[in-house]
A.B. asks: 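Structure below; questions to follow.
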Amino acid sequence: MDSALTAAGERRIGWAARAMPVLTAIGERFAAEAPLEGLRIAACLHVTAETAVLMGALRAGGAEIALAASNPLSTQDDVAEALGAYGVRVHARAGVDRRTYYEHIHQALDIVPHLVLDDGCDLVNILHTERTELLETVSGGCEETTTGIIRLRQMAAEQALRFPVVAVNDTRTKRMFDNRYGTGQSTMDGIMRATNTLLAGKVVVVAGFGFCGRGVAERARGLGARVVVTEIDPVKALDASLQGYDVQPMARAAGTGDVFVTVTGNRDVIRGEHLAVMKDGAILANAGHFDVEIDVRALEELAHAVHPGVRPNTDEYVLADGRRLLLLAEGRLVNLTAAEGHPAAVMDMSFSAQALAVAWLARERSRLEPGVYDVPGEVDVEVARLKLAAAAIEVDVLTPEQEGYLHSWRLGS
């Protein structure tokens, strides 16, 4: 045990907790009610200070927890050390290779969990392919991110999913706060920390106009960039156009963009033919969960020289004609690798919904069939209500007459 590292982690966690009053209040409620008493939880999440506050709330509720990282570059080692000192079995450290990353997930599963928490579906995937002997014990789970839910819904459609999973990502509060405001701000933060580039006047190409892409586009435009959006969904493309963004296919945008941000959840969004026509000095960043959106192998094949670490989290690829392309964070999550991820105030909302969803799942799991479930609406409303109260914001309340009007079809104009 490294006491200095533990102390640093405790300070970092304490700082995050100050901005997470809702989750702190839920932790206090859990300590009194013990809704997770006797349950073992295996989690695969980003090992950050904000996650540590969630782990504390679940521990207060009586759970025994083993935690692995959902991204090998996002782990904060001081936080991992502090969590270990407080009884969470942590299997994570910063910068591990792919083999060790998966070993850590297996080690977290060795707890023989009753419930699982995932961020990207890697842990659930391993449960269903390599650790099937544990499936009889697992009675439910939660998934934190869009990419993971896409995978889970496909598993459910193929009747491969063996237990109920709550789609925590799909709540109104998370899509608004986490995906839009959190991803938008933290992605720009990561790009600026890694490159110190001036975004005003630059052409920023945002691949994908889902909730996360909207946030990235808004923040880039707010910093003075000219934003181009690429999309495959006609409705989202129309939405982007009506919001004033220039909508183009990537084949056209590739030659004009200064900064590229992928936020789609799919692979090979930026491919070799796009890389081949990019400007000298173009910056490539990924804000999607997995490192597959930018075809890094194609970039390596095009490069005649590679200069790793020209700045922290920035690698320079020199093409045959001398053009330089700058890849941030090895093509992994730029906001968690080159920056610190979402602000704690954002994660207060997301992890509060996660904690309440875990408690609901612990209570209802015996009545649920395998499949993907939405977070109960009352959980979403409770999180928003608690957040407003913490910010001393008041809202209106319907009068009895208004309630009656909304619930009657007989009343007209």
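Note that the structure is a prediction, hence the values are computed from the model and not measured.
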A.B. asks: Would you indicate whether Ile232, at its atom CD1, is surrounded by more than 12 heavy atoms from other residues, nucleotides or ligands within a distance under 6.0 Å?
C.D. replies: no
A.B. asks: For Leu109 versus Ala42, what's the shortest heavy-atom pair and its separation?
C.D. replies: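 Looking at all heavy atoms of both residues, the shortest contact is CD2-CB, 4.2 Å.
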A.B. asks: Answer yes when Arg93 and Asp77 have at least one side-chain N-carboxylate O distance shorter than 4.0 Å, and no when they do not.
C.D. replies: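 Salt bridge absent between Arg93 and Asp77.
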A.B. asks: Rounded to the nearest 0.5 Å, what separates atom CZ in Phe211 from atom NZ in Lys236?
C.D. replies: 8.0 Å
A.B. asks: Using modelled atom types and a 3.5 Å cut-off, is there a donor and acceptor pairing between side-chain atoms of Asp258 and backbone atoms of Ala282?
C.D. replies: no
A.B. asks: If every non-hydrogen atom of Ala357 is compared with every non-hydrogen atom of Val166, which pair is closest and at what distance?
C.D. replies: CB-CG1, 4.2 Å
A.B. asks: Using side chain to side chain contact (heavy atoms under 4.5 Å, CB included), reason through Glu218 and Arg180 one step at a time and then give a plain yes or no.
C.D. replies: CA-CA 9 Å; Glu218 287 172 358; Arg180 187 173 176 182; 2.5 Å; yes
A.B. asks: Go through it in stages, so that I can follow the logic: the residues are Leu302 and Tyr317, the test is side chain to side chain contact (heavy atoms under 4.5 Å, CB included), and I'd like the CA-CA distance, side-chain angles, deciding distance and then a yes or no.
C.D. replies: CA-CA 8 Å; Leu302 284 170; Tyr317 289 75; over 6 Å; no
A.B. asks: Taking atom CG of Leu115 and atom OG1 of Thr137, what is their separation to the nearest 0.5 Å?
C.D. replies: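 The OG1 atom of Thr137 is 11.5 Å from CG of Leu115, to the nearest 0.5 Å.
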A.B. asks: Between Val395 and Leu388, is any pair of side-chain heavy atoms under 4.5 Å apart?
C.D. replies: yes
A.B. asks: Any Lys/Arg nitrogen of Glu300 or Arg297 sitting under 4.0 Å from an Asp/Glu carboxylate oxygen of the other?
C.D. replies: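 Here Glu300 does not pair with Arg297 in a salt bridge, since their nearest N and O are not under 4.0 Å apart.
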A.B. asks: Say whether, by atom type as modelled, one donor and one acceptor occur between the side chain of Glu231 and the main chain of Phe209 under 3.5 angstrom.
C.D. replies: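 Yes; at least one donor-acceptor contact below 3.5 Å.
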A.B. asks: Check whether Tyr245 forms a cation-pi arrangement with Arg221 (NZ or CZ under 6.0 Å from the six-membered ring centre, at most 45° off the ring normal).
C.D. replies: yes
A.B. asks: Say you draw a straight line from OG1 of Thr6 to CD1 of Ile13; how long is it, rounded to the nearest 0.5 Å?
C.D. replies: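 With rounding to 0.5 Å, OG1 (Thr6) is 9.5 Å from CD1 (Ile13).
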A.B. asks: For the residue pair Val47 and Gln76, establish whether any side-chain heavy-atom pair is separated by less than 4.5 Å.
C.D. replies: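 They are not in side-chain contact.
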A.B. asks: Please tell me if the side chains of Leu275 and Leu284 come closer than 4.5 Å, counting only heavy atoms from C-beta onward.
C.D. replies: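 Side chain of Leu275 against side chain of Leu284, heavy atoms only: contact under 4.5 Å found.
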A.B. asks: Quick one: CD on Glu64 to CG on Leu58, what's the gap to the nearest 0.5 Å?
C.D. replies: 13.0 Å
A.B. asks: What I'd like to find out is whether the side chain of Arg12 reaches to under 4.5 Å of the side chain of Glu340, using heavy atoms alone.
C.D. replies: yes
A.B. asks: Kindly compute the distance separating CG (Leu67) from CG (Leu117), expressed to the nearest 0.5 Å.
C.D. replies: 9.0 Å
A.B. asks: Taking 4.0 angstrom as the limit, do Glu382 and Arg29 come out as a salt bridge?
C.D. replies: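 A salt bridge links Glu382 with Arg29.
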A.B. asks: If the threshold is 4.0 Å, N to carboxylate O, is there a salt bridge linking Arg40 and Asp110?
C.D. replies: no
A.B. asks: Please determine whether a side-chain nitrogen of the Lys or Arg among Asp246 and Arg226 lies less than 4.0 Å from a carboxylate oxygen of the Asp or Glu.
C.D. replies: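 Judged by the 4.0 Å cut-off on N to carboxylate O distance, Asp246 and Arg226 do not form a salt bridge.
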A.B. asks: How about His128 and Phe163: are their ring centres within less than 6.0 Å of each other?
C.D. replies: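 Ring centres of Phe163 and His128 closer than 6.0 Å.
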A.B. asks: Quick test of your reading of the model: are Asp118 and Arg151 salt-bridged, counting only N-O distances below 4.0 Å?
C.D. replies: no
A.B. asks: For Asp189 and Arg193, indicate whether the former's side chain and the latter's backbone hold a donor-acceptor pair under 3.5 Å.
C.D. replies: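 No, because the side chain of Asp189 does not come within donor-acceptor range (under 3.5 Å) of the backbone of Arg193.
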A.B. asks: Looking only at side-chain N and O atoms, does His289 offer a donor or acceptor that is under 3.5 Å from a partner on Thr147?
C.D. replies: no
A.B. asks: Does some side-chain heavy atom of Arg89 sit less than 4.5 Å from a side-chain heavy atom of Ile111?
C.D. replies: yes
A.B. asks: Donor-acceptor pair, distance only, cut-off 3.5 Å: does the side chain of Thr262 make one with the backbone of Ala207?
C.D. replies: no
A.B. asks: Do His342 and Glu50 make a side-chain contact, defined as non-hydrogen atoms from C-beta onward lying under 4.5 Å apart?
C.D. replies: no
A.B. asks: Could you tell me if the side chain of Gln185 sits less than 4.5 Å from the side chain of Val346, heavy atoms only?
C.D. replies: no
A.B. asks: What I want to find out is whether Asp239 reaches Arg214 closely enough, with some N-O distance under 4.0 Å, to be called a salt bridge.
C.D. replies: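 Judged by the 4.0 Å cut-off on N to carboxylate O distance, Asp239 and Arg214 do form a salt bridge.
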A.B. asks: If you measure from the Lys or Arg side-chain nitrogens to the Asp or Glu carboxylate oxygens, is any gap between Arg162 and Glu136 under 4.0 Å?
C.D. replies: yes
A.B. asks: Restricting to non-hydrogen atoms, name the atom on Leu333 and the atom on Ala287 that form the minimum distance, rounded to 0.1 Å.
C.D. replies: CD2-O, 3.4 Å
A.B. asks: Of all heavy-atom pairs between Ser186 and Asn335, which one has the smallest distance, and what is that distance?
C.D. replies: OG-ND2, 3.0 Å
A.B. asks: Okay, side chain of Arg365, backbone of Ala362: is any donor-acceptor separation there less than 3.5 Å?
C.D. replies: yes
A.B. asks: Quiz question: by atom type and distance under 3.5 Å, do the side chains of Gln107 and Glu103 form a donor-acceptor pair?
C.D. replies: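 No donor-acceptor contact under 3.5 Å links the two side chains.
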A.B. asks: Can you check whether Met55 reaches Leu45 side chain to side chain, under 4.5 Å on heavy atoms?
C.D. replies: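 Touching, per the 4.5 Å side-chain cut-off.
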A.B. asks: Not counting sequence neighbours, list each pair that qualifies as a side-chain hydrogen bond (donor to acceptor under 3.5 Å, both in side chains) and has a residue in residues 351-361.
C.D. replies: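 As it turns out, the side-chain hydrogen bond (donor to acceptor under 3.5 Å, both in side chains) pairs with a partner in residues 351-361, which skip direct neighbours, are Glu144-Gln354.
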A.B. asks: If I take atom OG from residue Ser70 and atom CG from residue Asp119, how far apart are they, to the nearest 0.5 angstrom?
C.D. replies: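 Reported value, rounded in 0.5 Å steps: 4.0 Å.
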A.B. asks: Output, in order, the C-alpha distance, side-chain angles, deciding distance and verdict of side chain to side chain contact (heavy atoms under 4.5 Å, CB included) for Val124 and Met155.
C.D. replies: CA-CA 10 Å; Val124 170; Met155 290 176 70; 4.2 Å; yes
